> 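Below: one structure in structure tokens.
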Amino acid sequence: MISMNDMQQQAVEHTEGPLLILAGAGSGKTRVITRRAAYLINECGVDAYNILAITFTNKAAGEMKTRIAEEVGFGSEGVWCATFHSTCVRILRRFIDRLGYDTGFTIYDTDDQKTLMKQIIKSMNLDPKQYKERTLLNAISKAKDELISPIEYRLKAQGDWSLKTTAEIYTKYQAALKANNALDFDDLIFKTVELLQDHADVLRYYQDRFRYIMVDEYQDTNTAQFVLIKLLAGRHENLCVVGDDDQSIYKFRGANIRNILDFEKTYPNAKVIRLEQNYRSSGNILNAANGVISHNSMRKGKNLWTAKEDGEKITFNQFDNAYEEADFVARGIKASVRRGGSFMDNAVLYRTNAQSRVLEEKLINAGIPYKIVGGVNFYARREVKDMIAYLTMIDNSLDDLAIRRIINVPKRGIGQTSIDRVQEYADENGISFYDAISECENISTIKRGASKIREFADFAEGLKKASETMSLSSLMKEIIDKTGYVEELRAERTVEADTRIENIEELYNKVVSYEEGEDEPTLSGFLQEVSLVADIDSMEDDADYAVLMTLHSAKGLEFDNVYMVGMEDGLFPSYMCITSDDPTEIEEERRLCYVGITRAKKHLTMTAAKMRMVRGETQYNGVSRFVNEVPKNLVEGFIPKSYSEREKLNFNAPEKREPSYLKSKPYALTYSKGSDFGIKDASALGYDVGDRVIHTKFGEGVVEEIAEGGRDFEVTVTFDGPGRKKMFASFAKLKKA
DNA sequence: CTCCTTTGTCTTTTT
DNA sequence: GACAAAGGAG
């Protein structure tokens, strides 16, 4: 068993009462959580059944479950390890009837939400140009993250006409969801909170069940999740949250960094433990990360250190275009494998999914096995969604969206007008679309189309009957056969159709493996599982391939060699943040950069391209400010200082030099050499070589060396206790003793 | 009703 | 550049 350091051990043994673990990147937090669960079970005699461990992805939940099982041995099965969303689904499946929904509800993904919203905009006769479903859904999502109900939204909108319209749309949207017996992602949390708030017996039940609660990645929780946890932990208050404010990167998804920053305010008797020893990265990589993040102002602040060697320097390279950049990455991966590494030790991280295309192309050429995480979710692909829609129709016939999606897929001669007429009839009579088609002969507005609709209605009814006796996999086979869906694709004889067939086969395989893995496989169970998967969940640990993913997806992972590509101002940080008036946005991007850097164990490579195609437009970006924030002495490779300086060297100045958004705000020309945070003059430090100084964590020590490190000073101190440490002056905050 | 062409919008990140 | 929505012809 791997031994724990003092702080980790303290965190494991502090079992009663609220506990905040501020765990820096690579400080072994997962180990602490799993060990803590094991400690509760083995040493404190806590029933595994009384432990809840919450994460954000299924992958993390699964890992935690296996690792707890390894530590505990027999008897850990009772631990409830799940994501926020699946936890809520499990609770709601049992009790949502208290809120007037049916327990067989469907979960809508982003596409479904859009479809539904489009219908609502249409039904309200609003101009779709003015009312964009994306914007509206974002507003609604934000409201739900903050637990603002449609009624409260309307109250808050008082006077503001535009907000009042949004409130009305929000109201209609919720009504439509309910009519379809569906919940969107945000509802899963919102409705669970509502349930627990309004039904004391249910709340009491779960409070007593979850006597010990642990929450991972706490910095990413939004207000709704915060309240949910607060409710669940309300009785026993044995709440342990683990997080790192420097890795908060989901503000756009509603994450509220205050949840972690103010934990001690919410729980005044909370114990706070900092895990500051990094076991993952080499010294240079860690210092690069520390150097970058020190430019942020809103932090709890910590001193992440490592006992490891400095290791290799960070590599930086700028290329003419994205192709050369990708080529370089491919060669780098190949070289590392030739030296005896595995493909899986290599990860390429980028800011936007769109960047993966060029990389993919070059990796194929180089014969490198790779896997792209993210992009279009497998379950969001057309053919997969179609299949799922058939299954959903059987499972929840109140879900109009599902039926409307596949009523004419494959083509059955049922067009838009017929569909609209069925919907009208359904609305007039207050019945579901499914019930409307089963009595299509009564719909006066439909004449010729009726026979075709009848045919479909009978088919659907047949499937529903069959589902009662058939296994899930045979049901899906039946759907494929009877609809001729795959057959039709096969007839196309195109590469695209073939991949679609492959996807359907893959879905079928997933059905089969679900059946095999479950004691009691049900259609609802399968659909639920499918609707809550994240892209990252599909990452296998044993297969040997290089991985390509966004910086967001990379959180929680680690690799020997990390490539951060597209390090360009305008791309990363994105121009949205640069042009924004809100300074916290750039800080969020910087945290994202910090996350990226700290994924690397042995070697970090950063690359940029001078020229890049973005949305069909050629952009000329300067090197990312973040690259310049890495202390110079840690970097190998030429880093251009600024846009203007590089321009002088570049005689073939391009005609179209900046994308339009740059013309108004020439930010690329303005970044200066100095930083507001770094210390420029050694005399400003207040101590010198030979002085005794005090450090908040390490205690007293003697300054050995003060070296200039880019824009900051690197101070080497031999502490009385922990020994020799190197640190940056600007955030080590050393005081003369 | 279906197929084809044209037009417009988009993206930063996701459970 | 990619994809969806809209518009027009058969």
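Reminder, nothing fancy here: chain letters follow the sequence lines and each chain counts from 1. The model shown is predicted, which means the values in this text are computed figures rather than measured ones.
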> Could you walk me through whether A:D145 and A:T223 pass side-chain contact (heavy atoms from CB on, under 4.5 Å), step by step?
CA-CA 6 Å; A:D145 286 345; A:T223 302; 5.9 Å; no

> Between CD of A:E361 and OH of A:Y323, what distance do you get to the nearest 0.5 Å?
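Between atom CD of A:E361 and atom OH of A:Y323 there are 5.5 Å.
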
> When you match A:K129 and A:Y250 each to their closest nucleotide on DNA chain B, which lands nearer the 5' end?
A:K129

> For a quick check of understanding: with a heavy-atom distance under 4.0 Å over all strands, which category does A:F185 fall into, base, sugar-phosphate or nothing?
base

> How would you label the contact of A:E589 with the nucleic acid (heavy atoms, under 4.0 Å): base, sugar-phosphate, or nothing?
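Result for A:E589 = base.
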
> Tell me what A:N58 touches on the nucleic acid: a base, only sugar-phosphate, or nothing, going by heavy atoms under 4.0 Å.
nothing

> For A:D186, report the nucleic acid contact type (base, sugar-phosphate, nothing); a contact means any heavy atom under 4.0 Å.
nothing

> State the CD1-NE2 distance between A:I107 and A:H85, to the nearest 0.5 angstrom.
9.5 Å

> Quick check, are the ring centers of A:H552 and A:F252 under 6.0 angstrom apart?
yes

> When the P atoms of B:dT13 and C:dA4 are considered, how many whole Å apart are they?
16 Å

> Looking at every non-hydrogen atom in both residues, tell me the closest pair between A:R591 and A:Q247 and how far apart they are.
CD-N, 4.3 Å

> Send over the distance from A:R382 CZ to C:dA4 C1', rounded to a whole Å.
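In whole Å, C:dA4 C1' lies 11 Å from A:R382 CZ.
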
> Can A:D109 and A:K385 be counted as an ion pair, charged N to O under 4.0 angstrom?
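Looking at A:K385 together with A:D109, the answer is yes, because their closest N to O distance falls below 4.0 Å.
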
> Need two values: the first and the last nucleotide of DNA chain B, 5' to 3', having an atom under 4.0 Å from any heavy-atom of chain A.
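That gives a stretch of B:dC1 to B:dT15.
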
> Mind checking if A:R357 touches a base, just sugar-phosphate, or nothing, with heavy atoms under 4.0 Å?
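Sugar-phosphate: the residue A:R357, judged by heavy atoms under 4.0 Å, touches backbone atoms but no base.
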
> In whole Å, I'd like the distance from the CZ atom of A:R381 to the C1' atom of C:dC3.
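Rounded to the whole Å, the gap is 16 Å.
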
> Pairs counted as Watson-Crick or G-U wobble with both distances under 3.5 Å: what dot-bracket string results for DNA chain B, using | for bases tied to another strand?
||||||||||.....

> Does a salt bridge link A:E589 with A:R351, judged by any charged N lying under 4.0 Å from a carboxylate O?
yes

> Closest-nucleotide mapping onto DNA chain B: is A:S553 or A:I414 further toward the 5' terminus? I mean the 5' end.
A:I414

> Classify the ring geometry of A:F56 against A:F84: parallel below 30°, tilted from 30° to 60°, perpendicular beyond 60°.
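Taking A:F84 first and then A:F56, their aromatic rings sit tilted (interplane angle of 30° to 60°).
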
> Could you check whether A:S418 gets within reach of a base, just the sugar-phosphate, or nothing at all, counting any heavy atom under 4.0 Å?
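Counting heavy atoms under 4.0 Å across all strands, the contact made by A:S418 is with sugar-phosphate only.
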
> Centroid separation under 6.0 Å, is that true for the rings of A:Y101 and A:F105?
no

> Check every strand shown and say whether A:K132 touches a base, only sugar-phosphate, or nothing at a heavy-atom separation below 4.0 Å.
sugar-phosphate

